[in-house]
Participant: 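So that we are looking at the same thing, I have put the structure below in structure tokens.
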Amino acid sequence: MRLFRSRWNGLASIIGVVAVAGSVASVTARPGPPAADEARLRQALEVITPALPKAHVRFLSHDLLRGRDTGDVGFEIAREYVVGQFARIGLQPITGPSYLQEFDLLEAGADRGSELTVGATRLAKPDARFTPAWLTGRATWEGAGVFVGYGLATHGRDDYAGADVRGKAVFLLNGLPDNWSADRERARAAAARVEIARRKGAAVVVELTPHDRMPAGASAGTEPPRRVVVMADGSRPRLRVDAAVSGPAATALLDAWKWVAADGTTARDVGTVRLVRAHDIKRLKSWNVVGIIPGSDPARRNESVVFSSHLDHIGIVPPDANGDTICNGAHDNAIGTSQMLASAEALVRMRPPRTIVFAAVGAEERGLLGSWHYVRNPVMPIETTVANINLDGGREGTITDDVIDNAADLSDMARIVRQVMGAQGIGVTQDRSPAALVGFSSDHFSFLLAGIPTIDLKPGYSVNGDPQRGWTERMHYYETQRHKPADN
Ligand SMILES: [Zn+2]
């Protein structure tokens, strides 16, 4: 339900975004924005009044767009809105007069008898959820199974020690040991557990989530299952497990294997495993809306900076306590899209030396698929794409004195951002929410996979010097609004 709040004020973030973009778009040997650019920045920013981004958010999060879900007409209306805005702002289209990159997707339909047999135990929905065999719809696998605890194999720990998992089914425990979940480097390494299992040769990966004995700080895995979508070739940037067993069924398996404690895990054989996956597979389409500001410097216009901001959201869900079913996605990510549009509006006036690409991407909520499509079909070469700026999850409410620089520490982005924000009097802080510790949950992850320096830029926590205020607001958002009808 649409109850637009009037206190939209993401302007502080936009000033920072434009400053960073102007800077990464012009930095050569000398880091930081040349002093002469400051006047041009101020002048360009004059076109952005609070009413402008607010108008974008008002339209994009309207009930008529039904939560901008992938495959729904609501997303297509949002897409055409952004096309119109790109044209008005004066961005250059990518193919003839078109701003659209179309891509085909596969979506899991009804489960038609998928099952997992481990020894004498047979599991099916709802105890287990299955990822489809995308290209055939039906596949059967049989072989040996190995339980490898958390499946961690970095930072001095090897849960695979002594086990050969090549061609076998690997069983992983969801979550992390306590001393891993608070450490960013370890949490990031652990986020690649499915990739690690595949690299070690696992034929099948199964995840276990025993809700009654998850270690403190672990993800409980209790979010309702989301629609599962992949690219038409079956690929996606983040690998998925083939089956996920949760609740008492997972506990029973662990009991049968005499699994005891998080840190005492050693790999053990679990006998014969049979996995049958059978689903209806649906085809659908989505789109990225992509526009360009050609670089003004002939020597550098073949280099590009790509803005990404997902335009889709999660659509319609079962009614909440107020009977509301539409997840409007005002924060997630109408605000990010409005920041990108406002930034385009300012940057088109700054005429940066490098080319700037603006990509309002689709299907982020279904697995970062629009950005994955972009990096595999870039409008400027990946080798000369110097940076990605991702905008996802801006916030309304109080203006913060700082921003969060997710994933910037993985390249010299962190240094550039600190320098540019510092010059604008904006602080830089690290995302403190445990779920966001890894910081790979949005489209910048696709750009990271393509080897492009990136930043996922969000408002920070400090309000008038009080570092707690923004944190409280952010936690409130996570608890009451994120991916719910109340995000309106
Ligand atoms: Zn988002």
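Whatever order the structure lists them in is the order used to number ligands and atoms, beginning at 1. Treat the numbers as computed from the prediction; the structure is a model and nothing was measured.
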Participant: With sequence neighbours left out, what residues match V379 under side chain to side chain contact (heavy atoms under 4.5 Å, CB included)?
Facilitator: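 I94, Q101, V290, I292, V357, Y374.
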
Participant: Within the distance-only criterion (no hydrogens, no angle test), does the side chain of D402 pair as donor or acceptor with the backbone N or O of Y461 below 3.5 angstrom?
Facilitator: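 Answer holds: yes.
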
Participant: Donor-acceptor pair, N406 side chain versus K458 backbone, under 3.5 Å?
Facilitator: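 No.
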
Participant: Should the pair H56 and Y81 be assigned to parallel (<30°), tilted (30 to 60°) or perpendicular (>60°) ring geometry?
Facilitator: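 Aromatic pair H56/Y81 classed perpendicular.
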
Participant: What distance separates R349 CZ from L347 CG, expressed to the nearest 0.5 Å?
Facilitator: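 Between atom CZ of R349 and atom CG of L347 there are 10.5 Å.
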
Participant: Does the ring-ring contact (aromatic ring centres under 6.0 Å, His included) test come out yes or no for W180 and H155, once each step is laid out?
Facilitator: CA-CA 10 Å; W180 277 62; H155 292 75; 5.7 Å; yes

Participant: Which protein atoms of type N, O or S are found under 2.8 Å from the Zn ion (ligand 1)?
Facilitator: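 Within the sphere that stays under 2.8 Å of the Zn ion (ligand 1), the protein atoms of type N, O or S are H310 NE2, D332 OD1, D392 OD1, D392 OD2.
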
